[in-house]
Number of protein chains: 2
Amino acid sequence: MAATLKDVAARAGVHPSTVSRVLRKQENLKILDTTRKRIFDAVEELNYQPDFTARALRMKKSFTIGLIVPDIGNPFFSRIARTIEQLGFEKDYTVIVCNTDEHQAKENKYVNHLLSRGIDGLIMVPAQDSDESVNKVLEHKVPLVLIDRLFEDINTNAVISNNVESAYNAVKHLVDLGHKKVAFLRGRNNIYTMTKRFEGYQKAVDEFGLVKSDSLIVGNGFSFDDGHNATTKLLNCPEPPTALLLTGNLITVGAISAILEKGLKIPEDISVVAFADSIFSPYLVKPLTTISHPLYEIGSKAFNLLLENIESDEETLPPTQIMINTQFDIRETTGKAKAA
Amino acid sequence: MAATLKDVAARAGVHPSTVSRVLRKQENLKILDTTRKRIFDAVEELNYQPDFTARALRMKKSFTIGLIVPDIGNPFFSRIARTIEQLGFEKDYTVIVCNTDEHQAKENKYVNHLLSRGIDGLIMVPAQDSDESVNKVLEHKVPLVLIDRLFEDINTNAVISNNVESAYNAVKHLVDLGHKKVAFLRGRNNIYTMTKRFEGYQKAVDEFGLVKSDSLIVGNGFSFDDGHNATTKLLNCPEPPTALLLTGNLITVGAISAILEKGLKIPEDISVVAFADSIFSPYLVKPLTTISHPLYEIGSKAFNLLLENIESDEETLPPTQIMINTQFDIRETTGKAKAA
DNA sequence: CTGTTAGCGCCTTCAC
DNA sequence: GTGAAGGCGCTAACAG
């Protein structure tokens, strides 16, 4: 078994509490003479490491934060996670990663679990079927920062993107290229980002007098298959759209695969703009025109906001919402609309 | 503050230990009469959740496993992490994710930290500058499974790939296409996978009488820039290679960008085979010929092996090493060698 | 079947 | 400056 405070104390010939003090107190707040050396020697010899669990129990502070995301396998989330973990490391916080797979039930289970673990704070991308778990966290007065999605009727800390504007600009770009019929491939319905992006899409459709039809709004999931199926369905229409607005990494890959399977050319036959954050985007079949996120910025803003809340003496700070601008890169998957 | 066992006990008019038992013991092993109901009611009313930290301290079991990888932002690792987390969830284990960035110092710090946290097991991709941290984990008798890399002189559990064979086959494929001058872009040196892949490369070079030159062995890092710079250097040679064997996701993106910047065509001017695990691989400039890993399989094999070790009564089980075969997909980045 | 007692390893009063 | 005592919330061993 690992050495304990008591062991160190015995070996150094002092009381455990003394060891505890020496090991933790700032180097010399209350100066100790040679005891100090004896203790450090003992620590060295016994290879003593304080027991984190015991300390957490006693201090009601775990130096642990939770990170709940839909899918850490998705580059968007994994790169944000990377940043958060890295900044946490610098501040001695450790992060527990949880995937909800967009399931509310999993999210609830995780939230309960993390709460009972005594995490110091939580960063999460809510699955958003309900606000149950968010409220639970709030009730427990555990610092919380939402990323990418939020509930408009709950005032929480959040780091989100300018979805409406991003989608609007993307469609406008297509309009400038002569497109009149633009499809919107949404991920799961009722998700904040989707609602907002759809809002931007709609606004542009109305403003520029594009073809408006429910048949152009397709998809209901974030996976490769979701993207593939929705696109296939679209392309099988008698008069398919000439451009696609894709709303996620995996959806994008699925859509591209469906287009290629159909033997269509991008952008000659169909243009594509995607919300995508893969490092591979610029090197696809055709370099992909994307709306991408400054992932490091999102991760670090979220982490710092959380840390502020954790370290604040106030029980709860007034919520802060940070808006991050996406980046729009016009590359080669968007081109002139085919003449009708 | 959250309710405690004592609170529940008081409210139910029983002793805390009784509550503890009722809440934990399998539904009816030793049957309790109406006390049970009183307790459950109290739990309900107080919204009681057991404190995980206290339980961990008492039971010396944290239901937590550590996962140390170089960079969770890299799809190879993030997708493995996803699997491990998911399987952990099913078994009530929670996972702490750590990025080493290939730095031994960070790895050591993390290992110490995780150990002092009392993790039940550890899955790691060692940074491999030294075996210090691996040995430390072993000393502490904490179940350990290595992924992707191992130390040949330390007998540990591990899930690795058939690197030698994979690299050999890739080069052979190039040879079949007429290539005589194949470059090897390695990631960080002294890393198990690199050594092995290089071994396969060398074997093929020797066996098929390819051009053998140190100038064809370039690169020393896993980043985009590493891939970009190494490739640029290669292409600036008076007689550049006609094919490249790339050994990582980011290296691949960097290499492709360098090739395109030079105005060269893939595969007409230069062929490319990559160890790559991005979902985007099939849809690159040219669909990428890849050696890819069954990531779910790697993650689940690793997790199950770890779980076996955690749950075993033996203090240490004999180490198991599992070899996983990569998949070779010939797509369109490899073509006939240019006539000299 | 349920209460009592003890203690996991640590930190924090409060004395001396 | 250092020791002693108590307890964070829980479980385990032993009584009854």
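Throughout, a chain's letter reflects where its sequence line sits, starting with A, and its residues are numbered from 1. No hydrogens, no waters, no symmetry mates; every other heavy atom, side chains included, goes into these values.
- Side chains of B/Glu139 and B/Asn135: a donor-acceptor N/O pair is absent below 3.5 angstrom, by distance only.
- Rounded to an integer number of Å, the gap from B/Lys6 NZ to D/dG6 C1' is 12 Å.
- Contact annotation for B/Pro16: no contact, since no heavy-atom pair falls under 4.0 Å across all strands.
- Spacing between atom CD1 of B/Ile39 and atom P of C/dC1 amounts to 13 Å, rounded to whole angstrom units.
- Per the geometry, CG belonging to A/Leu5 stands 17 Å off P belonging to C/dG7, to the nearest Å.
- Cation-pi contact between A/Lys301 and A/Phe303: absent, since separation from the ring centre below 6.0 Å together with deviation from the ring axis within 45° is not met.
- Going from atom CG of B/Leu23 over to atom C1' of D/dT11 covers 12 Å, rounded to whole Å.
- When distances are taken from the side chain of A/Ala54 to each of D/dG9, C/dG3, C/dC10, the shortest belongs to C/dC10.
- With distances taken from any side-chain atom of A/Asp51 to the nucleotides C/dC10, C/dT4, D/dG3, the minimum falls on C/dC10.
- Here B/Thr4 lies in heavy-atom contact (under 4.0 Å) with sugar-phosphate atoms only.
- OP1 or OP2 of C/dG9 sits under 4.0 Å from a side-chain N or O of B/Lys60.
- The aromatic rings of A/Tyr110 and B/Phe89 are tilted relative to each other, their planes meeting at an angle between 30° and 60°.
- Both A/Ser17 and B/Tyr48 lie near DNA chain D, and the one whose nearest nucleotide falls closer to the 5' end is A/Ser17.
- Each of B/Leu57 and A/Met59 was assigned the nucleotide of DNA chain C with the nearest heavy atom; the assignment lying further toward the 5' end belongs to B/Leu57.
- For B/Arg21, whose side chain is taken as the heavy atoms from C-beta onward, the closest listed nucleotide among D/dT2, C/dG3, D/dG6 is C/dG3.
- Here B/Ser20 reaches the OP1 or OP2 of D/dT11: one of its side-chain N or O atoms lies under 4.0 Å away.
- Residue A/His15 places at least one side-chain N or O under 4.0 Å from the OP1 or OP2 atom of D/dA4.
- As rounded to whole Å, 16 Å separates atom P of D/dA5 from atom CZ of A/Arg58.
- A distance of about 16 Å separates the C1' atoms of C/dT5 and D/dG6, rounded to the whole Å.
- At most 12 non-hydrogen atoms from other residues, nucleotides or ligands lie less than 6.0 angstrom from NZ of B/Lys91.
- Distance CZ (A/Arg55) to P (D/dG9): 18 Å, rounded to an integer number of Å.
- The shortest heavy-atom contact between A/Val8 and A/Ile39 is CG1-O, 4.1 Å.
- Here D/dG3 presents its C1' atom at 14 Å from CZ of A/Arg38, a figure rounded to the nearest Å.
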